[in-house]
Amino acid sequence: MEESPLSRAPSRGGVNFLNVARTYIPNTKVECHYTLPPGTMPSASDWIGIFKVEAACVRDYHTFVWSSVPESTTDGSPIHTSVQFQASYLPKPGAQLYQFRYVNRQGQVCGQSPPFQFREPRPMDELVTLEEADGGSDILLVVPKATVL
């Protein structure tokens with residue numbers, strides 16, 4: 001890990017983060033899924049960090065985990081893998097925006113996720129109301145948003 005400013009690889013052909021939530025619940029493990037582009041040779045020295053969005057240096061991470069290196073890869077195909085961040089190392093809840101960043105063994109950022117927050121769930125934000133389309137029923141159903149999605 002170098003102390004140089006972030007040097008970002010072009011987003012085209014870079015590491016792609018998958019299914020990044022807008023918010024994560026503090027004090028629970030966070031699983032980070034990502035895809036390495038075809039032809040990328042992952043290294044045990046590559047890592048994924050959780051950075052404040054405004055972080056300008058690879059040393060400005062909040063926490064990191066070493067990337068997982070698959071045992072076998074098929075040449076020319078993308079590599080799908082994931083890592084887990086343990087709950088005790090995650091940021092405290094608040095308005096601060098964070099993002100995952102993949103940093104290779106040379107200290108270059110090869111991909112970054114959309115921004116997200118760590119915050120306590122608000123029960124009403126996570127609920128959805130459903131009504132019957134024809135309006136012939138007097139039933140109002142309130143379910144968790146995840147159930148609908």
Candidate pair I50 and Y61, rule side chain to side chain contact (heavy atoms under 4.5 Å, CB included), full reasoning: CA-CA 6 Å; I50 295 178; Y61 60 88; over 6 Å; no
Heavy atoms, side chains only, cut-off 4.5 Å: are F17 and V15 in contact? yes
Which atom names give the shortest non-hydrogen contact between A56 and D60, and what distance separates them? N-OD2, 3.8 Å
Specify the closest pair of heavy atoms between V65 and Q84, including all atoms of both residues, with the distance to one decimal. CG1-O, 3.5 Å
What heavy-atom pair brings V58 and G107 nearest, and what distance separates the two atoms? CG1-O, 3.5 Å
What side-chain donor-acceptor pairs closer than 3.5 Å can you find for residues 27-38, not counting sequence neighbours?
from	atom 1	to	atom 2	distance (Å)
T28	OG1	I25	O	2.8
E31	OE2	H33	NE2	3.4
Y34	OH	S68	N	3.4
T35	OG1	H80	ND1	2.8

Taking the side chain as every heavy atom from C-beta outward, state whether F85 and I48 have any atom pair closer than 4.5 Å. yes
Residues passing the side chain to side chain donor-acceptor pair (under 3.5 Å) test with Q96, sequence neighbours excluded, are E54
To the closest 0.5 Å, what do you measure between OG (S82) and CG (N19)? 11.0 Å
Side chain to side chain contact (heavy atoms under 4.5 Å, CB included) for F64 and Y89? Distances and angles first, verdict last. CA-CA 9 Å; F64 78 95; Y89 296 106; over 6 Å; no
Run the ring-ring contact (aromatic ring centres under 6.0 Å, His included) test against F116 and tell me which residues pass, sequence neighbours left out. Y24, F100, F118
Do you know which two heavy atoms are closest between E120 and P26, and how far apart they sit? OE2-CG, 3.7 Å
Write down the atom of R105, the atom of S45, and the distance for their closest heavy-atom approach. CB-CB, 3.7 Å
Spatial distance of atom OG (S113) from atom CZ (R101) [nearest 0.5 Å]: 8.5 Å
I'd like to check the side chain to side chain donor-acceptor pair (under 3.5 Å) partners of Y102; sequence neighbours left out, ordered by chain and number. D46
Taking side chain to side chain donor-acceptor pair (under 3.5 Å) as the test, write out the residues that go with S43, two or more places apart. none
